[in-house]
Protein chains: 2
Amino acid sequence: MAEKFVSASDVARVAGVSRSAVSRTFTEGASVAPKTRARVMKAAEELGYRVNLLARTLHKERSDLVGLVGANLSNPYISAQVDALTAALYDNGLQCMLLNLARAQDDIENALAKLLEYRVRTVVLLSGAVPDTLMRLAAANGTRLVLINRPLPENIGLVDQIEADSAAGGALAARRLLAAGCSNVAVVLSESRTSAKLARAEAFIAVMEQHHVPITQWSQGRNTYETGIEAARGLLAKPGIDGIFGVTDEIALGVMNTARHELGLSVPNDVSVIGFDDAPISDWSSHQLTTIRQSLSSLTSATLKAITGPANAPCSHHFIPVSLVERRSVRSVEPPHSDAGGA
Amino acid sequence: MAEKFVSASDVARVAGVSRSAVSRTFTEGASVAPKTRARVMKAAEELGYRVNLLARTLHKERSDLVGLVGANLSNPYISAQVDALTAALYDNGLQCMLLNLARAQDDIENALAKLLEYRVRTVVLLSGAVPDTLMRLAAANGTRLVLINRPLPENIGLVDQIEADSAAGGALAARRLLAAGCSNVAVVLSESRTSAKLARAEAFIAVMEQHHVPITQWSQGRNTYETGIEAARGLLAKPGIDGIFGVTDEIALGVMNTARHELGLSVPNDVSVIGFDDAPISDWSSHQLTTIRQSLSSLTSATLKAITGPANAPCSHHFIPVSLVERRSVRSVEPPHSDAGGA
DNA sequence: TTGTATGCGTTATCAA
DNA sequence: TTGATAACGCATACAA
């Protein structure tokens, strides 16, 4: 019921030893007599003592703290990402400081500053733009930056990049719609147009243009399910479009559900829909969304490797492979290769 | 590009002032000459200096750190909870340390210990059992505990309890199924049987027994979508059961989707399904799950109030009201009150 | 193996 | 307003 935190001095007093003895008892690989250790442990247990990691970190060169900055945490794929990553961190004895930029997407510099104030060893960016100033700030304090799915033109300081192969994924999506016989397609993304998602869209568009397929671009709102709904309403109000690529599963799910349940369209017979991510719920029997998978476990393990590596490890750039997951939102059979023009 | 973090002494040297002057510049409400402040700020900017919150907290009595321990973070309701809560914390200048007990549900004491090592001001428990030892440990260090949806028999130390009214919710679900004319029902929960979820089930059962409706209890596996799938397969293999209550939306969604898309049953015509939480995806047009809502915003604001309150505030116990959200997974029309016996 | 003394970066107290 | 100095809780070099 004490008001203050218990300190090593308190324990030392109760155990009848010096502060150093207590410190050594809780320091990995320090030499302390078994008998002393036992006395200390007993007193510590009694008082509810825990080492003050703030003080310890003050003294050491490196902390156990990893900063994680994200947004849109209830997005099905992001939440799976956060789940996997935080679990992995915990298993590796690392602590995670989570900053959610929900209402302040552009507040990222402020977020990084806060994290630096806690002397995190590494900052993982799941979301938000990455201006140069950010990298400079991190570099000036010797903090590593891990960028997830936010490709960077140039690389200042200690930054590890981990990204799914957006270009390959976008192309994969395009070719799949082509194979389904789509002849009038659309791509939908948010208006924020993050570089990774932009790359997905651009690769998709490139392939389509190469095949002379007319393509509409829908780029409004935030990166959410609601954006998918709006897109479907706008895009499918009148017949014509027979294939849609959502740069995110969440968006694609919004498109597909709205087509099916609000517009009374058949997916995939009237319109094929394909997403990107392979979020867990895309596999639910209520959805069965065909999508481009970016392996979550590869992404997590690559991230963890970057975090746990030596502080002076060279910058790394890791590409996560991408693959088509065939489900039921894209027509499977290819019409006998006529160019059956959708009006 | 410096290797070490920049300290106040560094800034003082460059600015040609004392450490104290630097400290005062970054301390709320300290008196420092505008001219001095300007010099300090300039030097700080130049060097990329950030206050070391570790050191500051070491010196102060209270930190900005809030510990959040959870599990199953990709659960649609939990992730919404985490999203809302972390956003609110960030907006209030509080830092959040997130511990994910994914692989080690029973590791909660260890988690709390880690959090105490960082001298968090408050620990919020979203998941996990709450043994007495836990509360004693927190109490011994003067750390507040905020318990979300984990009712407690007795209250040791500084703990705030925030919970949805499980009993009312369970009863609401039962009465809704009764109104739909269900005459042979089941309730499905995980085998972990957390007290909050158990309370939902028990209230449901109580009402059903009161109306002499036969009731099956399915209690296996973890608290996931897959458990819902298994339950549907087990419960609906042969006809009979015409109403199912999933103690969690995620479970209910598993039940409903499996009934519809794997078992070829009509929900709600063959079987009514009702959930608990009102997760965002329950409202998706692909689901339209009737459910019991526990208001996320009430829950978040109550939690925030508990966190931001004075350190010596008395323990609070807050009940979040609960309400029925009518959608399309429960039959709407009531048969003309015969006791139409399901097999 | 143990205790003493020093430093980590900060804030608060005190005298100037 | 400013600078020197003493904590804060810990780890460690050093001496015993």
Side-chain angles (χ1 to χ4, degrees), chain A residues 2-41 43-44 47-65 114 116-121 141-142, chain B residues 2-41 43-44 47-65 116-121 141-143:
Chain A
E3 274 303 305
K4 286 287 285 179
F5 277 91
V6 185
S7 82
S9 307
D10 300 331
V11 179
R13 197 177 316 115
V14 172
V17 297
S18 72
R19 270 158 292 181
S20 344
V22 178
S23 176
R24 277 191 274 264
T25 301
F26 290 96
T27 301
E28 198 80 18
S31 69
V32 53
K35 203 171 158 184
T36 313
R37 149 174 256 112
R39 277 238 299 278
V40 170
M41 288 306 269
L47 296 170
Y49 168 75
R50 304 289 141 179
V51 175
N52 185 335
L53 253 29
L54 266 35
R56 174 181 284 179
T57 307
L58 200 57
H59 197 271
K60 304 254 230 181
E61 72 291 354
R62 202 129 177 257
S63 83
D64 282 347
L65 231 43
K114 259 280 165 282
L116 290 181
E117 289 174 357
Y118 275 101
R119 299 305 188 250
V120 297
R121 66 147 69 180
N141 287 282
Chain B
E3 273 303 305
K4 285 288 285 180
F5 277 92
V6 185
S7 82
S9 306
D10 300 332
V11 178
R13 197 177 316 115
V14 171
V17 297
S18 69
R19 267 163 295 181
S20 325
V22 178
S23 174
R24 277 190 277 264
T25 301
F26 290 96
T27 300
E28 198 79 18
S31 69
V32 53
K35 204 172 159 185
T36 313
R37 151 173 255 111
R39 278 238 298 280
V40 170
M41 288 306 270
L47 296 171
Y49 168 74
R50 304 289 141 178
V51 175
N52 185 335
L53 253 27
L54 266 35
R56 173 182 284 178
T57 307
L58 196 59
H59 195 271
K60 305 255 225 176
E61 72 292 353
R62 202 125 178 262
S63 82
D64 282 348
L65 234 41
L116 290 181
E117 288 173 357
Y118 276 100
R119 299 304 189 249
V120 297
R121 64 147 69 181
N141 287 281
T143 299

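Every chain is numbered from 1 and lettered A, B, ... according to where its sequence line falls, protein lines coming before strand lines.
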Closest heavy-atom pair and its distance - B/T36, B/A21: CG2-CB, 4.2 Å
Out of D/dT2, D/dA11, D/dA4, whichever nucleotide has its closest atom nearest the side chain of B/T36: D/dT2
Classify [X] by what it touches in the nucleic acid, base, sugar-phosphate, or nothing, heavy-atom distance under 4.0 Å.
{"X": "A/S23", "value": "base"}
{"X": "A/T27", "value": "sugar-phosphate"}
{"X": "A/V32", "value": "sugar-phosphate"}
{"X": "B/R24", "value": "base"}

Distance, rounded to the nearest Å, where [X] contributes [atom1] and [N] contributes [atom2]:
{"X": "B/L53", "N": "D/dC8", "atom1": "CG", "atom2": "C1'", "result": "15 Å"}
{"X": "B/L54", "N": "D/dA7", "atom1": "CG", "atom2": "P", "result": "22 Å"}
{"X": "B/R56", "N": "D/dC10", "atom1": "CZ", "atom2": "P", "result": "21 Å"}
{"X": "A/D10", "N": "D/dC10", "atom1": "CG", "atom2": "C1'", "result": "13 Å"}
{"X": "B/R39", "N": "D/dT1", "atom1": "CZ", "atom2": "P", "result": "16 Å"}

Atom [atom1] of [X] and atom [atom2] of [Y]: how far apart are they, to the nearest 0.5 Å?
{"X": "B/R50", "Y": "B/F26", "atom1": "CZ", "atom2": "CZ", "result": "7.5 Å"}
{"X": "A/E117", "Y": "B/D64", "atom1": "CD", "atom2": "CG", "result": "9.0 Å"}
{"X": "B/R19", "Y": "B/R13", "atom1": "CZ", "atom2": "CZ", "result": "10.0 Å"}
{"X": "A/T57", "Y": "A/Y118", "atom1": "OG1", "atom2": "OH", "result": "12.0 Å"}
{"X": "B/L58", "Y": "B/S63", "atom1": "CG", "atom2": "OG", "result": "11.5 Å"}
{"X": "A/R119", "Y": "A/L54", "atom1": "CZ", "atom2": "CG", "result": "11.5 Å"}

Segment of DNA chain C, first to last nucleotide, that comes within the 4.0 Å heavy-atom reach of chain A: C/dT1 to C/dG9
A/P34 vs A/R19, nearer the 5' end of DNA chain C by closest nucleotide: A/P34
B/L58 or B/A33, whichever maps to the more 5' nucleotide of DNA chain D: B/A33
